[in-house]
Number of protein chains: 2
Amino acid sequence: MTITLPQKAVTDDLSALLHGAGLRVTAQRLAVLLALESRRHADADEIFDAVRPTLPGTSVQAVYGVLNALHSAGLVRRIEPAGSTARYERRIDDNHHHLVCERCGRVEDVDCVVGAAPCLTPSDSSGFEIHSAEITFWGLCNECQHFRG
Amino acid sequence: MTITLPQKAVTDDLSALLHGAGLRVTAQRLAVLLALESRRHADADEIFDAVRPTLPGTSVQAVYGVLNALHSAGLVRRIEPAGSTARYERRIDDNHHHLVCERCGRVEDVDCVVGAAPCLTPSDSSGFEIHSAEITFWGLCNECQHFRG
DNA sequence: GCATTGTTTTGAATAATTCAAAAACAACGC
DNA sequence: GCGTTGTTTTTGAATTATTCAAAACAATGC
């Protein structure tokens with residue numbers, strides 16, 4: 001029986017993830033993936049801030065590069081709600097959607113919509129070959145509802 | 001019986017539209033609205049190009065200003081698909097959705113989705129007060145389907 | 001017509017993201 | 001273990017959509 005430090009175990013998982021996707025395992029990529037584990041809908045800047053303490057010397061450009069690589073490999077999902085910068089998330093396997101606050105930009109997950117399946121089929125696709133459907137709900141988050149004049 | 005030039009009639013309609021929304025009627029606003037009549041999902045730059053010939057001296061900033069005013073007044077809808085600049089459209093009364101080409105960024109309208117109504121209700125809204133739902137279908141347009149390797 | 005208030009122009013700034021070249025590094029075979 | 005090769009990161013700069021601010025101007029109500 002081998003005893004592994006929890007931290008190490010997580011990093012091993014992430015290494016395997018990268019490896020499995022045909023990507024080289026680098027400290028920056030592991031750090032970005034780790035940062036995404038504990039954050040939902042993080043943007044490049046948040047991730048940069050999260051990575052910096054443990055991996056000083058990392059550049060913002062590297063973070064963008066890593067995120068682009070992870071996205072191309074299908075390991076992270078990128079959403080760009082109107083008015084926000086690009087946000088990244090690790091939940092890629094399920095087909096969940098997003099609630100975005102019109103006032104503060106906060107993003108929350110919606111696990112499913114009622115009658116989800118039919119939503120993925122438009123009635124007339126104008127010759128498009130459809131790959132995915134993205135649903136964004138706009139409104140006011142809990143906090144911002146109290147700020148109205 | 002009065003005979004009105006068609007061009008003039010359209011402009012009168014647009015003037016009434018602006019007036020009804022409590023906005024001042026200016027040449028730039030009429031020109032932008034007119035440009036939007038014949039264009040679907042136009043961005044600020046396209047509109048600027050469309051306005052310039054008939055109204056030289058108009059600045060890009062003015063176009064942005066007009067579009068923001070029209071949007072705030074609810075006269076135009078603004079969509080910002082990931083990877084594109086903001087696009088504007090006059091169809092605001094209906095609740096239609098969009099097809100966006102992942103390759104060339106082309107945007108098409110989808111009149112309705114099968115089972116449209118249920119789509120507007122998420123199962124768990126996390127305390128959000130929901131105002132609207134936006135559906136974007138991602139895929140390849142007719143043209144871009146032939147460019148695949 | 002004239003004053004008021006809102007809009008447009010002019011000119012400059014902002015901020016997210018990407019580009020490019022050179023240095024650093026990971027993966028692989030030996 | 002060690003060099004080679006191709007990829008990734010750093011460093012430094014560019015791009016581009018959009019907004020900001022002050023001054024000139026124009027629409028509306030009287």
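Each chain gets a letter, A, B and so on, in the order the sequences are listed, and its residues count up from 1.
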Just how far, in rounded Å, is C1' of C:dT9 from CZ of B:Arg52? 15 Å
Distance only, no hydrogens: is a donor on one side chain within 3.5 Å (strictly under) of an acceptor on the other, for A:Glu102 and B:His131? yes
Interface polar pairs with nucleotides 26-30 of chain C, N/O, under 3.5 angstrom:
{"residue": "C:dA26", "atom": "O3'", "partner": "A:Val25", "partner atom": "O", "Å": "3.3"}
{"residue": "C:dA26", "atom": "N3", "partner": "A:Arg24", "partner atom": "NH1", "Å": "3.3"}
{"residue": "C:dA27", "atom": "OP1", "partner": "A:Val25", "partner atom": "N", "Å": "2.9"}

Would you say B:Arg87's side chain and B:Arg78's backbone share a donor-acceptor pair under 3.5 angstrom? no
Roughly how many Å is it from CG in B:Leu70 to P in C:dG6, rounded to a whole number? 17 Å
Any donor-acceptor N/O pair, B:Ser84 side chain to B:Glu80 backbone, under 3.5 Å: no
Backbone N/O of A:Ala35 and side chain of A:Arg39: donor-acceptor pair under 3.5 Å: yes
Spell out, yes or no, whether A:Leu75 and A:Val25 are grouped together once hydrophobic residues are joined by side-chain heavy atoms under 4.5 Å, including indirect joins. yes
Sequence-distant partners of A:His98, ring pair (Phe, Tyr, Trp, His ring centres under 6.0 Å), two or more places apart: A:His41, A:His96
Any donor and acceptor pair, going by atom type alone, linking the side chain of B:Gln145 with main-chain N or O of A:Gly127 inside 3.5 Å? yes
Nearest 0.5 angstrom please: A:Leu67 CG to A:Leu36 CG, how far? 6.5 Å
Measure from the side-chain N and O atoms of B:Arg29 to the backbone N and O of B:Arg24, and report whether any donor-acceptor pair falls under 3.5 Å. yes
Mind running side-chain contact (heavy atoms from CB on, under 4.5 Å) on B:Ile130 and A:Trp138 for me, showing each step along the way? CA-CA 6 Å; B:Ile130 294 177; A:Trp138 295 92; over 6 Å; no
Going by number, which of residues 53-69 of chain A have a non-hydrogen atom under 4.0 Å from DNA chain D? A:Gly57, A:Thr58, A:Ser59, A:Gln61, A:Ala62, A:Val66
Along DNA chain D, 5' to 3', what are the outermost nucleotides having an atom less than 4.0 Å from a heavy atom of chain A? D:dG6 to D:dA13
Keeping to residues at least two apart or across chains, list the ring-ring contact (aromatic ring centres under 6.0 Å, His included) pairs with something in residues 47-92 of chain A. none
Does the side chain of B:Asn142 reach to within under 4.5 Å of the side chain of A:Phe128, using non-hydrogen atoms? no
Closest heavy-atom contact between B:Leu99 and B:Asp109? CD1-O, 4.5 Å
So what is the end-to-end bend of the helix from C:dG1-D:dC30 to C:dC30-D:dG1, with 5 pairs used at each end and the value given to 10 degrees? 40°
